[in-house]
Amino acid sequence: MRLNLFIACLLCSFHLFAHPVLIGTSDSSPPFKIPLKDKTQFYGFEIDLMKEICQRAQLDCHFTNITFKDLFKEVENGQIDLAIGAIAITPDREKNYLFSLPYLIGGGQYVTKISSSVKAINDIQGKTVGIEKGTIFKAWVASQFGDTTQVQEYNTIDEVLQALNNDDVDVALFDSDIVEYWVANSSDQLRPVGAPMGTGYGIMANTNHQALIGTINKYLLELENDGTYLKLYRRYF
C-alpha cells in the first residue's frame with residue numbers, strides 16, 4: 001500500500017513539473033505589473049512573487065499578457081495554467097475556478113480628480129463610474145447605488161484613467177493598491193474617495209489543477225514564513 005502511494009506521488013510530481021506552466025497576467029496595473037520600455041517584458045509585485053514561487057517549486061514558468069476579462073475564459077479553456085492579476089476571490093468565482101490562498105488582502109476603492117465635486121462615497125450617486133471590463137466592480141456599484149449611477153466599462157486600466165482625465169467619467173473604481181499607486185504618482189492630480197472595500201486576491205486555476213494550486217499554496221506559506229514575502233511587498237508598496 002505504501003509503495004503504491006509512493007509511486008503515485010512520484011507520478012503526480014513528474015506530471016506537475018515535467019511541463020511548462022503558462023501564467024496569464026492582466027494588463028499593466030502598477031504596482032502589480034509594470035511594463036519595461038519595450039512592453040514585452042514586465043516586473044512588479046505579482047510578477048516577482050510568481051517568479052519566486054516558480055523558482056522554489058522548480059516550475060518552468062512562462063508569462064503571457066491577457067486582458068483581465070479574458071483571463072477567466074483562457075483558464076477555463078485550458079489555454080493557460082494559472083492567472084494572476086489582482087483577481088478577487090469571490091464565492092461566485094470559486095464555483096468555477098480554483099484559487100490559491102490569498103496573497104494580498106485588498107479590495108476596491110474609488111478615485112477621482114482633485115478638482116472633482118465628489119468628496120465622499122454618497123456624492124457618487126447619480127454620477128458615472130469608470131471600471132475595467134471583467135472585474136467585479138460593476139456589481140459593487142450596483143449594490144451600493146442601484147440604477148441611480150451609470151457604469152462605463154473599458155478594456156484596460158489605462159483607458160479608464162484616460163476617461164477620468166477627459167471627464168468622460170466622474171470617478172473610477174480600481175483595486176485599492178492600484179489607487180494608492182496612481183494617487184502617489186499622479187503629480188497631485190488624483191485623490192481617493194472613501195475607504196477600500198476589502199476582499200482578498202488569489203492565483204486562479206482551472207478546477208483540474210488541484211495539485212498545482214497545492215504547490216502554489218505550499219510556497220506562498222514558505223515565502224511568508226521566511227520573510228521573503230515581506231521583502232517583496234515592501235519593494236512595491
Determine the sole option in I131, V160, L161 for which the side chain to side chain contact (heavy atoms under 4.5 Å, CB included) test with Y154 is passed. V160
Using modelled atom types only, decide if a donor and an acceptor are shared between the side chain of [X] and the backbone of [Y] within a distance under 3.5 Å.
{"X": "D123", "Y": "A120", "result": "yes"}
{"X": "Q58", "Y": "Q55", "result": "no"}
{"X": "D226", "Y": "T228", "result": "yes"}
{"X": "T149", "Y": "G126", "result": "yes"}
{"X": "N206", "Y": "N208", "result": "yes"}

Heavy-atom side-chain contact between [X] and [Y] under 4.5 Å:
{"X": "F32", "Y": "I178", "result": "yes"}
{"X": "I80", "Y": "L71", "result": "yes"}
{"X": "V193", "Y": "K119", "result": "no"}
{"X": "V179", "Y": "L190", "result": "no"}
{"X": "L223", "Y": "L230", "result": "no"}
{"X": "I203", "Y": "F99", "result": "no"}
{"X": "P35", "Y": "Y43", "result": "no"}
{"X": "F72", "Y": "M204", "result": "yes"}

State, to 0.1 Å, how close [X] and [Y] come at their nearest heavy-atom pair, and which atoms those are.
{"X": "Q152", "Y": "T128", "result": "CG-CG2, 3.6 Å"}
{"X": "E132", "Y": "T135", "result": "O-OG1, 2.9 Å"}
{"X": "I89", "Y": "S100", "result": "CD1-O, 3.9 Å"}
{"X": "A88", "Y": "I136", "result": "CB-CD1, 3.9 Å"}
{"X": "V75", "Y": "A83", "result": "CG2-CB, 3.7 Å"}
{"X": "L82", "Y": "A205", "result": "CD2-CB, 3.8 Å"}

Which of parallel (below 30°), tilted (30 to 60°) and perpendicular (above 60°) describes W140 and F137? perpendicular
Option from R234, K231, R235, K33 for which salt bridge (charged side-chain N to carboxylate O under 4.0 Å, His left out) with D48 holds: R235
Could you walk me through whether Q150 and V141 pass the side chain to side chain contact (heavy atoms under 4.5 Å, CB included) check? CA-CA 9 Å; Q150 184 179 358; V141 175; over 6 Å; no
Kindly state each residue pair satisfying disulfide bond (SG atoms under 2.5 Å apart) with at least one member in [range], sequence neighbours excluded.
{"range": "residues 68-179", "answer": "none"}
{"range": "residues 57-152", "answer": "C54-C61"}
{"range": "residues 206-237", "answer": "none"}

Pair Y201-I84, side chain to side chain contact (heavy atoms under 4.5 Å, CB included): steps then yes or no: CA-CA 9 Å; Y201 304 136; I84 189 169; over 6 Å; no
From [X] [atom1] over to [Y] [atom2], what is the distance, rounded to the nearest 0.5 angstrom?
{"X": "L49", "Y": "L232", "atom1": "CG", "atom2": "CG", "value": "6.5 Å"}
{"X": "L36", "Y": "Q41", "atom1": "CG", "atom2": "CD", "value": "6.0 Å"}
{"X": "Q125", "Y": "K127", "atom1": "CD", "atom2": "NZ", "value": "11.0 Å"}
{"X": "E159", "Y": "K133", "atom1": "CD", "atom2": "NZ", "value": "8.0 Å"}
{"X": "L164", "Y": "Q189", "atom1": "CG", "atom2": "CD", "value": "10.5 Å"}
{"X": "I66", "Y": "T64", "atom1": "CD1", "atom2": "OG1", "value": "5.0 Å"}

From CA spacing to verdict: side chain to side chain contact (heavy atoms under 4.5 Å, CB included), I213, T215: CA-CA 5 Å; I213 287 295; T215 298; over 6 Å; no
So which pairs with a foot in residues 79-107 pass salt bridge (charged side-chain N to carboxylate O under 4.0 Å, His left out), sequence neighbours left out? D92-K95
How far apart are the C-alpha atoms of K218 and E222, what are their side-chain angles, what is the distance that settles it, and do they pass the salt bridge (charged side-chain N to carboxylate O under 4.0 Å, His left out) test? CA-CA 6 Å; K218 173 185 175 182; E222 184 178 288; 5.9 Å; no
Mind running side chain to side chain contact (heavy atoms under 4.5 Å, CB included) on N65 and T25 for me, showing each step along the way? CA-CA 5 Å; N65 190 46; T25 62; 4.1 Å; yes
Under a 3.5 Å threshold, yes or no: a donor from one side chain and an acceptor from the other, between D158 and Q162? no
Whether the Y236 and D177 side chains hold a donor-acceptor pair (N or O, under 3.5 Å, no angle test) is what I'd like checked. no
Applying side-chain contact (heavy atoms from CB on, under 4.5 Å), can you list everything that pairs with N77, at least two apart in sequence or on another chain? K73, Q79
Ignoring hydrogens and angles, write down the donor-acceptor pairs under 3.5 Å from the side chains of residues 103-116, residues two or more places apart or on other chains.
unit_1	atom_1	unit_2	atom_2	d
Y103	OH	E46	OE2	2.4
Q109	NE2	G194	O	2.8
Y110	OH	Q144	OE1	2.6
T112	OG1	S116	OG	3.2
T112	OG1	D170	O	2.7
K113	NZ	N165	O	3.2
K113	NZ	D167	OD1	3.0
S116	OG	V118	N	3.0

